[in-house]
Every structure is written in structure tokens, then in C-alpha cells.
Amino acid sequence: MVKKERKWLTHIVLIIVSVAVLFPIVWVVSTSLRRDNAAFSTKLFSSRMTFQNYIDLLAPEKNGPRLVSDMDALILMAPPHDKITIEKAKILFQKDVETFKKYIVETEELKKQIDNSIEYVKTYFEENSEKLLKSYTSNIDDIIKEMQFTKPGQYLDIAAYELYVNGEDLSAISEVDPVSGQQKWEELIGANKSKLENLNQKKESLNALLEPLEKSYKTYQGQFLSLSRTIRSYLVPQLKEYSLVLSSALNLLDATKDSKILATSLPDEQTIYEKFKSTMDQVRDIQLDIQKFQDLEDINIVLTEFQNGYNKVIERWERVENKDKAPFADFLGTIDVFTARVASTMSETVNLMNRLKRTTDKMLQLQAEISKYKSKQASTEKEIQNLTVEISKAYELIHDALLYVKSKLAINQLQDIKEKVSSMKLPAQLQMLNLQSKRIFGITTDIANMVTDSKKQAKIRKIAYKLDWPGIAKDMFTNYEIFVENYEPFVRNLKLYLSDIEFQGPKFMPVSKTGVKVRPVAMQQLTDIVLSEYRNNVVPNMNVMSRKSSELSDKLGLKEIDAALKKLDGASFRIDQIWQRKPDHYMLRWIMNSVIVSLSVSIIITAVTALAAYPFSRMRFKGRKYGIMGLLLIQMFPAIMYMIAIYTFLSFAGKYIPGFGLSKISGLIFAYLGGIAYNMYLIKGYYDTIPTSLEEAALIDGATRWQTFVKIILPLASPILAVIVILTFMGTFNEFVLARIILQDVKQYTYAIGLYTFSTGPFETQWGLFTAAAMIGMIPMVILFLLMQKYIVGGLVQGAVKG
């Protein structure tokens, strides 16, 4: 007997992988069937399931808003009814009116169901008040039971005094004396708390001193940056201009050698020279000041270049001859004017530098003060951290004792709540019961936060969570009352304006047919009621009431009222489906467009590649070896690279070829016919595996090359052809980028673009509709795969002669 080895690790890995793979599919399916918004719910499965999302996508109902829009279009003889006769329009109008009346009748019947359900729940609460409150107090007892903690052997008096200091009344707990633990509390916690309080006050004082200093520092820092920018923007261009003047002056000095023109008169050279040198001294002083500022290093470089030019002029000046020539006179005149301008620039720069120095000195002074206070602040912060750690350790020591005393206090408070609740009457005192629920929630949360055992903590929270049903019931009843107040005028106005429109609407059609579009006042009023008043007044409270009824059903789990609550929820949902304005879409048309495009592309590509691959596999011709490799090389570049060329071509061709071009299905099919080379290579490889002897035998028997290809090669190659069809179909069906660029008309969209619209605009938060659309979009690919599955698994040489 062979003993089977159990591979537990393999099974575990397979289970984990299966869950990981199947979870997204389960999420998509469950979300597509849910009425609540999956984006804001923690539940994977919900009790509020419906096929409405699939109905809205596959067979959308002509509900109230759509009827109003259609009746308005008929009255105005506007699209899509602008081409029909008045008699036909009247028939369609009357049909819409009758349907609208049925919706009103259905809404009133649903309203009665809601009224009956609310009345039934109220009666149940009244008749079973004692039972409900008994269950409520039983949950309180369960919480009290979970709060029974072991009495600690030490620190009980310190914990009691800690709570006493915080204002808790411990008189009801006879086993503790809060006053007796005062001394120990002071030694363990109190002294450190006082120090911590003093340090926090010191920290606040330091912050109060630091804040104005840092604010002033930022102000001066801004002034410093502003002055730096001003000096740079003013001085650098001037220096570059002056450097050009110095170059011109050097050229004039060089010209004295060759000039034969004597000067008629010469300025006082010595005076000009002294002024020139004194200005040079100013430049040096400014450069020394600028070198102290790292932010002005670029100015220092320009100043150095300028100073070098200055030195060259002085050096050449001192060696110049022929001072009686005209170029030298021009040189002296240039230097005289230059010196005056440079002196003015240097004077202004000195003023700016002085302001910059004062600002810098103030910043340094403030920085020193800030550093001093920050040092004290850091020291204080460190002391605070140390004290905080010590206090935390102290609280860890008394944690069990503190939890014990607080639980005793909580038990006393819960006992008090239990006594108050026991004498209440429902549903009259539902609000008071809700207040007690909130109080219980606060008490249990405080205790649960202190419990270190995660299981016990979760259990306490779970029991407390059961006690929030009074708030849910109260919200349901309150929103029902507001819903009724807004519902009555809504339905009354619907009947009033509909009766007027039914009588007057057909009278406006002949006028509208002539081109004079006149809308009845009643039509405008009816439109406002359906599209605006319902959305603003009726639906908010109705939806809250509906959701609360579902939550109450889940929370209480009582079979007696479960049916009534679900009926209320369902009736509210149906009313909303009748009067909710739903965005228009073309889901079935989008899928059909994708099927047409994908089938056309897959059939064309498969046919072309099957024919093109045959010569490369069976025939010998020049360029055969590198031909298919060249095609593959071209195929390596992504389609988006030649998108501009395709777009331009389609735009041009669409002007001359009807039914072809941009935003046309035929243009998109043309753009997709680019995957031929890769598929040709796959088919060619498959042809190579088919024995050539089969063809040779057929040729000997009189078959032509075409017959051998059609009757022998293609049947045997059906598996690879099926694979090409499926892969091409799936790739084309899900392609988004090219389709998004080429298709502009919403009616021409493919499924991929259409699905994208369900994640934006009016559909942005409707995850149920989005996932339902995704599920519907899977159907064509699944059908194609199932139809061609037998070809994929077929034998390589199925039907060939036996060996």
C-alpha cells in the first residue's frame, strides 16, 4: 500500500494565493449588488442588496425626471421629438402623463407601506417596552460583569486619591479612603506634577519672550535680503558699465603713441589723478566691507575685476608719453566725468552698506538673545520630558489600582443608569434612553481604554456597541416625521401641476412646431418640483430614515419587526428610484462598439497574419531571413509614438472619406491594425511545427498550394489562430489610450472609455454602478473564450494521417 504524503505547506500556500486572487472579484461582485456606498463602509457584504445597478445599466427605467424631460421635449417639439407629427407627439405625451400618474399612485402606496411600518414598530416598542428595556439592562449587566477586576494588593489608596483630586466622588466605595493616600500620592506623583506644572509655565514664559524676538529677527532678515538684492541690482550693472569705460580709457592712452594731433588745451592732470586715486580708495573700502558678507560674494568678484581695470589704467597712465596729444586730452576728460559718476555710485553704495551693517548688527544681537532663550527652552524641555517619563512610570505602577477604583465607580454609575432605564416607557422616552446610551458609551470607553487585555477590551466595546440602538431608532422616527412634512406638499404639487400640464401641454405643440418655443408655467413648476424640491426636501430625510431602519434591523435582530423595517427600507429605496435624477449613459452601445471594433480587428489581424506568415514558413525568397525580424523591430516601438501621425492622417482622411476619420469606429479599427508583425511571428513559429510531408502528399495528389494552405495548414493551426483571436480581442476590448484620443463623440465610445466615465463626473462616488459596469463588460470576453476553448485545447495535428 502506497502511503500518500500530505503536503500541508503547499495547501496553505494555495489557499492564501486563492484568497488573494479571488478577493478583488468577490469585492467587485458584492459592491455591484450593494445599495450602500462601498467606499464608506467597512462591510464586505451587506443586507441591503439589489440588482438595481444592473437594471440601470442594461434596461434603465423611464422614471419621474426622465418623464418630465420627455414631456417638456414633446411640448416644445424639441429633440428627440422634433421630427414627429403633432398627432404622434400627443399620443406619446398622453402615454408619459399616464405613466407619471402611475408613479404618483405607486409612490402613495409606498408611502402607506412606510407609514404602516413605522406605526408597527412604534406599536411594538410600546407593547414590548419592558422586554426591550430588560434586554437593554441585561447588556448593562454584561458590561458590569466584564468590569469585575481583581483587587490589587498595593497603591489602592494612591489611586483613590488621584481620582479624588480629579473631582471624583468616592463616597460610595467603602473599601477605599482617598484621604489616606495623600502623602504617598505626593511622593509618587504630586511633587513631580507640581514641578511639571512649574516647568510648563516656565516654558510658556520662554515662548512668550521668544516669539517677539523671532518675529523681529524675521523682519530684519527680510530687510537684509531686500538690501542685498538692492545693492546687487544697483552696483553690479554700474560696475560692468564702468569697466567698459575703463577699457575705452586704455584705448585712448594707447592712441597717444600714434596720434599726430596736438591738444589745444589740457585739463589739470594732477587734480584729475588725485580724484581718480581717491575714488579707487573708496572702491577698496567698499570691497573690504562686502567681503564680510558671504551672500554678496558675486559682487566681490565684479569689484575685483573692476579694481583690476582701475590698476591697469593707473599703471598705463603713469607710463604714458606724448601728453600733449589730443587723445590724452580726451582721456583726461573721460576720466574726469568717469570719476564723478563713480564717486556718486560709491557714495550711494556706502549708504546702502551702512544700512546693511546696522541690520546685520541687529540680527546678530537678536540671534544671541534667541540662542540664549532657546538654550533655556531646550533645557526646560529636557526636564519636562524626564518628569513626564517619571510620571508615566508612576501611573504604570498604580495602573491596576486605578483601573480597579475607576471600574467600581463605573459599576456604580451603570447601576444608577440601570435603575433609571428600568422605569422608562418606549417609545415616549426613547430620547432619554438615547442619552443614557451615550453616557454608557462614555463610561465603557474610558474603562476599555485602560484595559490591557485586547480580548476583554474588544468584548466590553462590543457589548456597549449593542446599546446604541435607541439613538438609531430615535433618528429613524425623527427623520420620518420630517420626511412626512416634506412629502405631503411634494405629492400635492405633483398632482396639481400634472393636471394642468395634461390639459394645456398639447395646446402648445402646434405653436412649438412653427418654431416659437413656449414652455407652460406649470411645466417649469413641475420640473422644479421633481428635480429640485425632491432632492432638497424629500430625499435627505427619507434616505437617513431608510438607512437607520436597516441599521436598527441589524442591531436588534428581532424577527417581530425585521420584516416591517425591511419593508420600510425597500419602500424608501423604490421611491428614490422613481424620483431620483439619474445620469444618462450608453452602456449597451459602448459594449456593442467595443465588440464590433474588437471582432473586426481580431478577424482582420488573424486573417492577414495567417496569410503573411505562410510564405515566411514554407517559401524561400530573398530577404526572408531578416524580413520578419525587421517587422518585429518596428513593432517594439509603442503605438503612442506614432499617435500624432495616425491622428493627423485620420483628421485628413475624414474630410474626404465618408464614415472614416476621427471619432469614427472605422478610424479606430484602422488605428488598431498595428499588431500584425508580432502575431505573424507567432503563427510562423507554429507553421514550422506542422510537418511539410502533409503538404507534399497533398501536392502529389493534385492539390494546389492554396488548397493545401486552406484545407491542411489552417485546420491544423486552429489552436494558434484561436489564441491570436482571443488575445487580440481582449487587448483591443480593454485598450484605452488610443480610443480616448481618437473618439470624441460619447455615443461612439468603446467600453474602456465608457467605464472610465463611471469614475468621474456625476458617477464619481457610485461604486456600485462602476463595479456593475465592470462585471457586464466581462461578458463578451467570457463568451468568446468559452466559444473558442475547444480550438485552443485541440491537438497539434488533429485529423492528420496516423503514423
Side-chain angles (χ1 to χ4, degrees), residues 30 33-38 40-50 113-114 116-146 414 417-418 420-422 424-445 448 457-483 541-573:
S30 66
L33 296 172
R34 292 168 59 168
R35 283 169 43 194
D36 52 349
N37 198 327
F40 305 102
S41 175
T42 57
K43 296 180 179 179
L44 182 60
F45 299 99
S46 170
S47 59
R48 307 176 75 196
M49 308 295 279
T50 178
Q113 292 181 19
I114 293 173
N116 294 336
S117 297
I118 289 289
E119 189 61 34
Y120 181 84
V121 174
K122 283 184 176 179
T123 304
Y124 180 85
F125 274 26
E126 186 175 352
E127 293 176 353
N128 297 273
S129 176
E130 186 177 347
K131 176 184 175 182
L132 291 170
L133 292 175
K134 186 176 180 181
S135 174
Y136 189 92
T137 55
S138 175
N139 287 328
I140 296 177
D141 289 334
D142 292 339
I143 295 174
I144 292 173
K145 183 179 178 182
E146 293 298 324
L414 290 172
I417 293 172
K418 182 180 174 183
K420 291 179 180 178
V421 166
S422 300
M424 290 182 181
K425 297 294 181 182
L426 298 179
Q429 293 182 298
L430 197 59
Q431 172 62 17
M432 295 180 64
L433 185 62
N434 179 40
L435 294 175
Q436 297 302 326
S437 295
K438 292 181 178 179
R439 188 180 168 194
I440 291 171
F441 181 79
I443 293 169
T444 52
T445 300
Q457 184 186 78
K459 194 170 184 180
I460 293 173
R461 293 183 188 277
K462 185 177 179 181
I463 299 171
Y465 179 70
K466 293 180 181 178
L467 296 175
D468 67 344
W469 64 263
I472 298 173
K474 172 193 160 294
D475 290 342
M476 183 185 72
F477 291 133
T478 302
N479 281 278
Y480 166 75
E481 292 170 1
I482 302 174
F483 161 70
N541 301 105
M542 184 183 71
N543 283 347
V544 173
M545 172 191 68
S546 174
R547 189 175 68 254
K548 293 298 180 181
S549 67
S550 178
E551 291 179 10
L552 188 63
S553 175
D554 294 338
K555 188 71 66 173
L556 289 177
L558 297 172
K559 294 182 179 179
E560 295 88 342
I561 61 173
D562 190 58
L565 291 173
K566 288 184 176 179
K567 185 178 289 187
L568 184 155
D569 187 25
S572 301
F573 179 71

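In this chain, numbering begins with 1 at the start of the sequence shown. What you see is a predicted model; the values in this text were computed from it and never measured.
Rounded to the nearest 0.5 angstrom, S138 OG and K134 NZ are separated by 8.5 Å. One finds the CZ atom of F573 at 4.0 Å from the OG1 atom of T50 (value rounded to the nearest 0.5 Å). Here the CG-NZ distance, from L426 to K122, works out to 13.0 Å after rounding to the nearest 0.5 Å. From L565, atom CG reaches atom CG of L556 across 8.0 Å, with rounding to the nearest 0.5 Å. To the nearest 0.5 Å, atom CD1 of residue I463 and atom CD1 of residue I440 are 11.5 Å apart. Here CG of N434 is found 5.5 Å from CD of Q431. Values are rounded to the nearest 0.5 Å.
Two residues are said to be in side-chain contact when any heavy atoms from C-beta on lie closer than 4.5 Å; V421 and M432 fail this criterion. Looking at heavy atoms from C-beta onward, K145 lies out of side-chain contact with D141 at the 4.5 angstrom threshold. L433 has its side chain within reach of L133: a pair of non-hydrogen atoms, C-beta onward, lies under 4.5 Å apart. Side-chain atoms of I118 and M476, non-hydrogen and from C-beta on, do get closer than 4.5 Å to each other. Side-chain atoms of K420 and R439, non-hydrogen and from C-beta on, do get closer than 4.5 Å to each other. In this structure, I417 and I443 have side chains that are in contact, with non-hydrogen atoms separated by less than 4.5 Å. Residues I144 and I140 have side chains in contact (heavy-atom distance under 4.5 Å, counting atoms from C-beta outward). Side-chain contact between E551 and D475 is absent, with no heavy atoms from C-beta onward closer than 4.5 Å.
For S437 and Y136, the side-chain atoms include at least one donor-acceptor pair closer than 3.5 Å.
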- Message: Quick one, I143 with L467, criterion side chain to side chain contact (heavy atoms under 4.5 Å, CB included). Give me CA distance, side-chain angles, the key distance, then yes/no.
- Response: CA-CA 11 Å; I143 295 174; L467 296 175; 3.7 Å; yes
- Using the side chain to side chain contact (heavy atoms under 4.5 Å, CB included) rule, take L430 and M424 through it: C-alpha gap first, then chi angles, then the decisive distance, then the call. CA-CA 9 Å; L430 197 59; M424 290 182 181; over 6 Å; no
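Considering every non-hydrogen atom in both K567 and S117, the closest pair reads CB-OG, 4.0 Å. The minimum heavy-atom distance linking V121 with A564 is given by the pair CG2-CB, 4.4 Å. The minimum heavy-atom distance linking K548 with I472 is given by the pair O-CG2, 3.3 Å.
At distances below 3.5 Å, at least one donor-acceptor pair connects side-chain atoms of S549 with backbone N or O atoms of S546. With T444 contributing its side chain and F441 its backbone, the two residues share a donor-acceptor pair below 3.5 Å. Of the possible polar contacts, one joining the S572 side chain to the L568 backbone as a donor-acceptor pair under 3.5 Å is found. Judged by distance alone, with hydrogens and angles left aside, the side-chain atoms of K555 form a donor-acceptor pair with the main-chain N or O of Y465 at under 3.5 Å.
Ring geometry for F483 versus Y480: interplanar angle of 30 to 60°, hence tilted.
In this view, K459 and E146 satisfy the side-chain hydrogen bond (donor to acceptor under 3.5 Å, both in side chains) rule, not counting sequence neighbours.
Surrounding CD of E126 are at most 12 heavy atoms belonging to other residues, nucleotides or ligands under 6.0 Å away.
Both tests do not hold together for K131 against Y124: distance to the six-membered ring centre under 6.0 Å, angle to the ring axis within 45°.
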